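In the text below, chain A, chain B and the rest are named by the order of the sequence lines, each starting its count at 1. Every value quoted in this text rests on a predicted model; they were computed, and no experiment measured them.
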Amino acid sequence: MIIFIFATLIMERRVRVRFAPSPTGPLHIGGVRTALYNYLFAKKNNGDFLIRIEDTDQTRYVPGAENYIIESLKWLGITANEGVGFGDGEHAPYRQSERKPMYKQYAMQLLESGHAYYAFDTAEELDAMRERLKASNVDSKYDAITRMAMKNSITLPADEVQRRIESGEPYVIRIKLPKKEDIKFHDEIRGWVNINTAQMDDKVLYKSDGMPTYHLANVVDDYLMKITHVIRGEEWLPSAPLHVLLYRYLGWEEVMPKFAHLPLLLKPEGNGKLSKRDGDRLGFPVFPLEWKDPFTNEISSGYRESGYLPEAVINLLAFLGWNPGTTQEIFTKDELINAFSLERVSKSGAKFDLNKAKWFNHQYIKHTTNAALAEALNKELTNKGLIFSTEYVEKVCGLIKEKINFIKELWEVGNYFFIDPVSFDEGVIAKRWNDKSPLVIQDIIQLVRSHSDFSAGSFETDYNEALQKNGVTNKEFLQLLRVCLSGVAGGPPIFEMAELFGKEITLKRLQLALDTIRK
RNA sequence: GGUCCGUUGGUCAAUCGGUUAAGACGCUUCCCUUUCACGGAAGAAUGAGGGGUUCGAUUCCCCUACGGACUACCA
């Protein structure tokens with residue numbers, strides 16, 4: 001036994017981390033980042049990454065949330081070795097609701113070793129206690145002092161406790177904290193953290209519905225699943241000492257995982273934790289995928305539907321709270337895995353910056369193949385009943401991808417490649433359109449018609465000839481030509497654009513402009 | 001209120017006692033260009049405040065201020 005303990009102490013344990021969301025709604029990007037850091041850490045250390053669903057609160061169950069979480073992770077390529085959605089490993093099941101029978105014995109163990117006790121207080125009695133303490137300006141905690149005035153197995157005679165339990169009276173099991181003891185633990189990101197038990201309270205470990213609370217379940221499961229590092233949000237920092245105590249009282253301290261509490265993701269404006277409502281109010285999604293609330297039918301936008309590329313989301317999320325210490329900013333997933341370390345995670349919260357997010361997405365769109373972009377654009381075209389050859393759509397994408405930040409802008413920016421303009425940029429018309437303009441256009445049309453071939457080169461030649469004939473300069477007319485062809489003031493090189501349109505469309509557009517633009 | 005965590009330009013941030021305090025996004029100006037975008041050049045903009053420690057503090061310590069998290073039979 002001693003040898004075994006010694007061996008586990010000196011032996012490097014295989015790194016195992018977990019992402020353990022609660023299926024109470026859509027996964028927030030802060031949660032996605034937590035999952036990502038866990039994933040990167042696991043891969044970097046040749047370890048395992050697993051998904052565990054923490055659904056111990058049956059009252060907060062939201063249909064579809066679990067699926068949503070898994071689908072989000074899959075969309076982003078954050079894949080797990082084991083767990084819900086990724087196939088069971090040797091520690092199945094991975095849903096705490098399905099592990100329900102496993103927890104009670106540990107609560108009993110704590111009861112027997114005197115580190116926990118039964119409590120029979122009703123909700124009303126607890127409220128009354130809190131009111132009373134608050135009135136006398138004392139912290140309202142269920143602690144070493146207040147527990148002496150409550151109904152529990154410490155204050156009640158043993159036979160009455162027995163009687164109450166046997167008669168089926170509801171009870172909870174609470175941890176029994178020492179009155180005054182410093183709990184010190186090392187956080188991988190923050191260093192040593194010290195909290196005195198006088199500041200904590202006797203948290204419920206086992207609920208009256210027969211389910212463990214997060215605190216017990218999380219410790220038991222992490223132990224059973226051989227988790228080596230708990231990487232989670234900063235909101236858990238205050239309860240970490242409770243977890244440390246649980247490991248200690250359960251006799252697992254020598255295999256207790258290391259803790260790393262991640263800084264929070266903050267709202268872009270003002271202060272506070274990024275929350276559900278901020279996104280759509282501020283123009284960016286807080287959820288990876290679009291989510292429709294099953295109760296209210298309210299829709300929250302998602303990164304995927306907003307035209308973000310998963311690789312870009314991974315990259316920008318990785319940089320919200322971590323940086324490699326070099327000036328490189330664009331990282332593939334493999335590069336991130338290689339560069340990632342907990343030491344370089346920052347301590348302070350990071351504000352989400354929409355501009356930077358756009359920039360990241362832009363970088364990835366620029367480097368996405370025309371074929372991949374064309375596939376996305378084609379979907380939209382099909383929805384609109386527009387049929388074009390893949391080759392054409394790909395060429396369009398190649399011409400406009402430099403100009404867009406989001407996939408959905410392929411259509412917004414490039415729609416004139418597929419439909420005739422419905423209006424012509426008024427600014428350019430007002431500035432450049434004059435009596436000579438129709439004459440030039442007519443000449444261009446005639447010259448183009450007179451040749452059988454049509455290319456960027458031939459079109460430019462014809463255009464220049466028409467200009468010369470009418471005594472108009474390139475500067476005066478070129479942008480007008482663009483507007484006649486596309487309706488808008490900006491875009492790719494004009495003659496290349498026209499070549500892509502083809503002779504028929506080019507002529508048709510010129511005629512359309514001639515017929516439409518009047519001054 | 002209490003406890004804990006945090007604080008470098010508008011935002012993300014480097015610096016692990018000695019630097020002209022990087023870089024990126026955004027912004028401004030200029031160049032390139034028919035235009036938009038790209039690209040290139042330049043610029044404005046930062047150590048919350050106060051005490052220490054030290055030959056020397058952005059960096060270490062303390063206090064204050066500010067911000068955040070937590071404070072449920074929720075996770």
Rounded to whole Å, how long is the line connecting atom [atom1] of [X] with atom [atom2] of [N]?
X      : N     : atom1 : atom2 : answer
A:F120 : B:C73 : CZ    : P     : 16 Å
A:Y214 : B:C73 : OH    : P     : 17 Å
A:K347 : B:A69 : NZ    : C1'   : 17 Å

About how many Å separate [atom2] of [Y] and [atom1] of [X], when rounded to the nearest 0.5 Å?
X      : Y      : atom1 : atom2 : value
A:R52  : A:I227 : CZ    : CD1   : 6.5 Å
A:L205 : A:L216 : CG    : CG    : 5.0 Å
A:R33  : A:L40  : CZ    : CG    : 11.5 Å

Would you please indicate if the ring centroids of A:F406 and A:Y308 are separated by under 6.0 Å?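 Ring centroids of A:F406 and A:Y308 are less than 6.0 Å from each other.
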Suppose we call two aromatic rings close when their centres sit under 6.0 Å apart. Are A:Y37 and A:F340 close by that rule?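 Centroid distance A:Y37-A:F340: below 6.0 Å, so yes.
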If you look at every strand shown and take non-hydrogen atoms under 4.0 Å, does [X] touch a base, only sugar-phosphate, or nothing?
X      : result
A:P170 : nothing
A:N194 : sugar-phosphate
A:K134 : nothing

Taking the same atom, [atom1], in [N] and in [M], what whole-Å distance lies between them?
N     : M     : atom1 : result
B:U46 : B:U8  : P     : 14 Å
B:U7  : B:G26 : C1'   : 22 Å
B:G6  : B:C25 : C1'   : 24 Å

Nucleotide nearest [X] (side chain, heavy atoms from C-beta), chosen from [options]:
X      : options             : answer
A:D139 : B:A69, B:C74, B:G1  : B:G1
A:L264 : B:C38, B:A22, B:A69 : B:A69
A:H362 : B:U34, B:A75, B:A37 : B:A37

How would you list all residue pairs meeting salt bridge (charged side-chain N to carboxylate O under 4.0 Å, His left out) that involve residues 125-140 of chain A, not counting sequence neighbours?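 Passing the test, one end in residues 125-140 of chain A: A:E125-A:K151.
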Residues from residues 53-63 of chain A lying under 4.0 Å of RNA chain B - heavy atoms: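 Heavy-atom cutoff 4.0 Å gives A:E54, A:T56, A:D57, A:R60.
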Evaluate A:W291 against A:Y68 for ring-ring contact (aromatic ring centres under 6.0 Å, His included), listing each step before the verdict. CA-CA 8 Å; A:W291 166 260; A:Y68 177 95; 5.3 Å; yes
Give the C-alpha distance, both sets of side-chain angles, the deciding distance and a yes or no for ring-ring contact (aromatic ring centres under 6.0 Å, His included) between A:Y106 and A:Y223. CA-CA 11 Å; A:Y106 298 104; A:Y223 168 75; 7.2 Å; no
We want to know whether A:D57 and A:Y214 form a side-chain donor-acceptor pair, criterion being a heavy-atom distance below 3.5 angstrom.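 No pair is found: no donor N or O on one side chain lies under 3.5 Å from an acceptor on the other.
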Please determine, by modelled atom types, if A:Y463 and A:N474 share a side-chain donor-acceptor pair under 3.5 angstrom.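 Indeed, the side chains of A:Y463 and A:N474 share at least one donor-acceptor pair under 3.5 Å.
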Does any N or O donor sit under 3.5 Å from an N or O acceptor when you compare the side chain of A:S208 with the base of B:C73?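 Result: at least one qualifying N/O pair found.
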Checking only heavy atoms, does the side chain of A:K403 share a donor-acceptor pair with the base of B:C36 at less than 3.5 Å?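 Indeed there is one.
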Tell me whether A:K176 at atom NZ has more than 12 heavy atoms from other residues, nucleotides or ligands lying less than 6.0 Å away.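 It does not: A:K176 NZ has 12 such atoms or fewer within range.
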Taking atom NZ of A:K258 as the centre, does the number of heavy atoms from other residues, nucleotides or ligands within less than 6.0 Å exceed 12?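 Not buried by this count: 12 neighbours or fewer within 6.0 Å.
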Check the pair A:T146, A:D143 against side-chain hydrogen bond (donor to acceptor under 3.5 Å, both in side chains), reporting the backbone distance first and the verdict last. CA-CA 5 Å; A:T146 49; A:D143 62 10; 3.0 Å; yes
Counting primed atoms plus P, OP1 and OP2 as sugar-phosphate and everything else as base, spell out the protein contacts along nucleotides 42-48 of chain B at 4.0 Å heavy-atom distance: B, S or - for each nucleotide, 5' to 3'. -------
How does RNA chain B read in dot-bracket, base by base from 5' to 3', with Watson-Crick or G-U pairs under 3.5 Å and | used when the partner is on another strand? (((((((..(((.....[....))).(((((.......)))))....(((((..]....))))))))))))....
Could you go through the side chain to side chain contact (heavy atoms under 4.5 Å, CB included) check for A:Y247 and A:V219 one step at a time? CA-CA 7 Å; A:Y247 281 101; A:V219 167; 3.8 Å; yes
Determine: side-chain N/O of A:K475 to OP1/OP2 of B:U33, distance under 4.0 Å, yes or no.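 Result: no.
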State whether A:Y142 and A:R174 meet the cation-pi test: NZ (Lys) or CZ (Arg) under 6.0 Å from the six-membered ring centroid, and within 45° of the perpendicular axis.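 Flagged: A:R174 positioned over aromatic ring of A:Y142.
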Every protein N/O lying under 3.5 Å from an N/O of nucleotides 60-66 of chain B:
none

Interface polar pairs with nucleotides 9-16 of chain B, N/O, under 3.5 angstrom:
{"from": "B:C12", "atom 1": "OP1", "to": "A:K351", "atom 2": "N", "distance (Å)": "3.0"}
{"from": "B:C12", "atom 1": "O2'", "to": "A:F319", "atom 2": "O", "distance (Å)": "3.2"}
{"from": "B:A13", "atom 1": "OP1", "to": "A:G321", "atom 2": "N", "distance (Å)": "3.0"}
{"from": "B:A13", "atom 1": "OP1", "to": "A:S346", "atom 2": "OG", "distance (Å)": "3.4"}
{"from": "B:A13", "atom 1": "O3'", "to": "A:N323", "atom 2": "ND2", "distance (Å)": "2.8"}
{"from": "B:A14", "atom 1": "OP1", "to": "A:N323", "atom 2": "ND2", "distance (Å)": "3.0"}
{"from": "B:A14", "atom 1": "O3'", "to": "A:R344", "atom 2": "NH2", "distance (Å)": "3.3"}
{"from": "B:U15", "atom 1": "OP1", "to": "A:R344", "atom 2": "NH1", "distance (Å)": "3.3"}
{"from": "B:U15", "atom 1": "OP1", "to": "A:R344", "atom 2": "NH2", "distance (Å)": "3.4"}

Determine whether A:I154 and A:R147 make a side-chain contact, defined as any pair of heavy atoms from C-beta on separated by less than 4.5 Å.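 In contact.
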Would you name the heavy atoms of A:F360 and A:A312 that are closest together and state the gap between them?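 Closest approach of A:F360 to A:A312: O-CB, 4.0 Å.
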